[in-house]
Engineer: 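Mind having a look at this structure? Questions to follow.
Source: prediction; values computed, not measured.
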Amino acid sequence: MITITENAVRAIRDCIIAEDRAIDESYLRVSVKGGGCSGMMYDLSIVDSRTDDDTVVEHEDVRIVVDKKSQLFLHGLTLDFTSGLNGKGFVFSNPNATGTCGCGESFSV
């Protein structure tokens, strides 16, 4: 469903620790919501629980949860993290996106 790069795993782990949360009790929720200049936006949040409808993706000690609706738009997504000259942050490579905005935070299908 979702591929997580080693850079993303490290960044997720750092985010969880920065919020004074336990890695084994926390999830990164990746979801899609309406908005942005291309119509849909990625939304990331650290959460302590999941629902029965969530899909869980585990890589090493990091767990990502995706709600049922967002799964339709995120299937095949690769989540990466970069810290280059253009700034740092999560990078979404989504094969379902037919268009993206210049900042890469919103997309259309």
Engineer: Drop me the distance from T3's OG1 to M1's CE, to the nearest 0.5 angstrom.
Structural biologist: 10.0 Å
Engineer: Are any non-hydrogen side-chain atoms of N96 and L74 less than 4.5 angstrom apart?
Structural biologist: no
Engineer: Could you tell me whether a side-chain N or O of D67 sits under 3.5 Å from a main-chain N or O of S31, the two making a donor and an acceptor?
Structural biologist: no
Engineer: List the atom of C15, the atom of F90, and the distance in Å for their closest heavy-atom pair.
Structural biologist: SG-CE1, 4.5 Å
Engineer: Parallel, tilted or perpendicular for Y42 and F92, by the 30°/60° rule?
Structural biologist: parallel
Engineer: Is there a path from I64 to I17 through hydrophobic residues (I, L, V, M, F, W, Y) whose side chains come within less than 4.5 Å of each other?
Structural biologist: yes
Engineer: Might you point out which heavy atoms bring V56 and V65 nearest each other, and give the distance in Å?
Structural biologist: CG2-CG1, 3.9 Å
Engineer: Verify side chain to side chain contact (heavy atoms under 4.5 Å, CB included) between L77 and V66, making sure each step is shown before the conclusion.
Structural biologist: CA-CA 11 Å; L77 176 85; V66 181; over 6 Å; no
Engineer: Ignoring hydrogens, what is the shortest heavy-atom contact between V32 and K69? Give both atom names and the distance.
Structural biologist: O-NZ, 4.1 Å
Engineer: Measuring from atom OG of S93 to atom CG of L79, what distance do you get when rounded to the nearest 0.5 angstrom?
Structural biologist: 9.0 Å
Engineer: Please say yes or no: joined through hydrophobic side-chain contacts below 4.5 Å, possibly via intermediate residues, are V9 and I16 part of one cluster?
Structural biologist: yes
Engineer: Give me the atom names and distance for the closest heavy-atom approach of S70 to V30.
Structural biologist: CB-O, 4.4 Å
Engineer: Could you please spell out the steps behind the side chain to side chain contact (heavy atoms under 4.5 Å, CB included) verdict for N7 and V91?
Structural biologist: CA-CA 10 Å; N7 286 340; V91 177; over 6 Å; no
Engineer: Under the side chain to side chain donor-acceptor pair (under 3.5 Å) rule, what pairs show up with a residue in residues 73-85, not counting sequence neighbours?
Structural biologist: T5-D80
Engineer: To check you understand the geometry: which heavy-atom pair defines the closest contact between I23 and R63, and what is its length?
Structural biologist: O-NH2, 4.1 Å
Engineer: Have a look at R29 and tell me which of D48, D43, D54 forms a salt bridge (Lys or Arg N to Asp or Glu O under 4.0 Å) with it.
Structural biologist: D54
Engineer: Do the side chains of L44 and I46 join up, straight or via other hydrophobic residues, at under 4.5 Å, putting them in one cluster?
Structural biologist: yes
Engineer: In sequence, state the C-alpha distance, the side-chain angles, and the governing distance for V57 and H59, and then conclude on side chain to side chain contact (heavy atoms under 4.5 Å, CB included).
Structural biologist: CA-CA 7 Å; V57 178; H59 189 78; 5.8 Å; no
